[in-house]
Amino acid sequence: DAGVIQSPRHEVTEMGQEVTLRCKPISGHNSLFWYRQTMMRGLELLIYFNNNVPIDDSGMPEDRFSAKMPNASFSTLKIQPSEPRDSAVYFCASTPGVGQPQHFGDGTRLSIL
Amino acid sequence: KQEVTQIPAALSVPEGENLVLNCSFTDSAIYNLQWFRQDPGKGLTSLLLIQSSQREQTSGRLNASLDKSSGRSTLYIAASQPGDSATYLCAARFSGNTPLVFGKGTRLSVIA
């Protein structure tokens, strides 16, 4: 069984550049979540989708962040322009339904110089 | 504000010990609670999910309990092994259509 697949695994870029993180959820899962993890703040929810529709984006820190889910098998998280304080590990997770366990990808480690 | 707290932040035990990891949450009207394991450089692996109607769940050497009235959950690990070394996170869902709220985790080291 393929789990949640995220790409790239690592990204290093200069501030001001656009960053695009990608996620492929587990087939058949209808909810998708984007999280950010830092030492200081732990794991924070950025946005989640049900059936490809954004439900709650209150965790998105600023207008520089945007997320899309054009179909059930793909989602992107974009940061434009990126800043050093965006450096973190970004996780994508999916779940088959409400109240079911969430399954996480291995994350994208993002470093903004 | 709904919050999840895990204390201690780090724990070191000798191999073979039984141990308990603690998780507390602010709202007793919890929908479910999930325990995860995170290895360095990896994502989170779901260990156990306890629904609000349940008091505990078991998987192998792991047992998770839920006490809604006191706002607490514990993860019991029996006969700990060095391979159990990881960060353990608990996360609570406070209603059916809200996302998980995570604690900051307990970093466990099991010393051979």
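Every chain is numbered from 1, with letters handed out A, B, ... down the list of sequences. Only this structure's heavy atoms are used, side chains among them; waters, hydrogens and symmetry mates stay out.
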Side chain, backbone, both or neither: which part of [X] has a heavy atom under 4.5 Å from chain B?
{"X": "Gln100(A)", "value": "backbone"}
{"X": "Arg41(A)", "value": "backbone"}
{"X": "Leu43(A)", "value": "both"}

Hphob cluster co-occupancy, [X] + [Y], side-chain heavy atoms under 4.5 angstrom:
{"X": "Leu11(B)", "Y": "Tyr76(B)", "answer": "no"}
{"X": "Ile30(B)", "Y": "Leu48(B)", "answer": "yes"}
{"X": "Val4(A)", "Y": "Tyr90(A)", "answer": "no"}

Would you say that more than 12 heavy atoms from the other residues, nucleotides or ligands in this model lie under 6.0 Å from the [atom1] of [X], or not?
{"X": "Asp63(A)", "atom1": "CG", "value": "no"}
{"X": "Arg64(A)", "atom1": "CZ", "value": "yes"}
{"X": "Ile7(B)", "atom1": "CD1", "value": "no"}
{"X": "Glu14(A)", "atom1": "CD", "value": "no"}

Kindly give the heavy-atom pair with the smallest separation between [X] and [Y], and that separation in Å.
{"X": "Ser46(B)", "Y": "Gln102(A)", "value": "CB-O, 4.0 Å"}
{"X": "Phe104(A)", "Y": "Leu44(B)", "value": "CB-O, 3.4 Å"}
{"X": "Asp106(A)", "Y": "Gly43(B)", "value": "OD1-N, 3.6 Å"}
{"X": "Phe91(A)", "Y": "Lys42(B)", "value": "CZ-O, 3.6 Å"}

**Study point:** Short side-chain to backbone donor-acceptor contact, Lys104(B) and Met40(A), under 3.5 Å
**Key:**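 Checking the backbone N and O of Met40(A) against the side chain of Lys104(B), a donor-acceptor pair under 3.5 Å is found.
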
Check your understanding: Could you give the distance from OH (Tyr48(A)) to CG (Leu100(B)), rounded to the nearest 0.5 Å?
Key ->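 The OH atom of Tyr48(A) sits 10.5 Å away from the CG atom of Leu100(B).
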
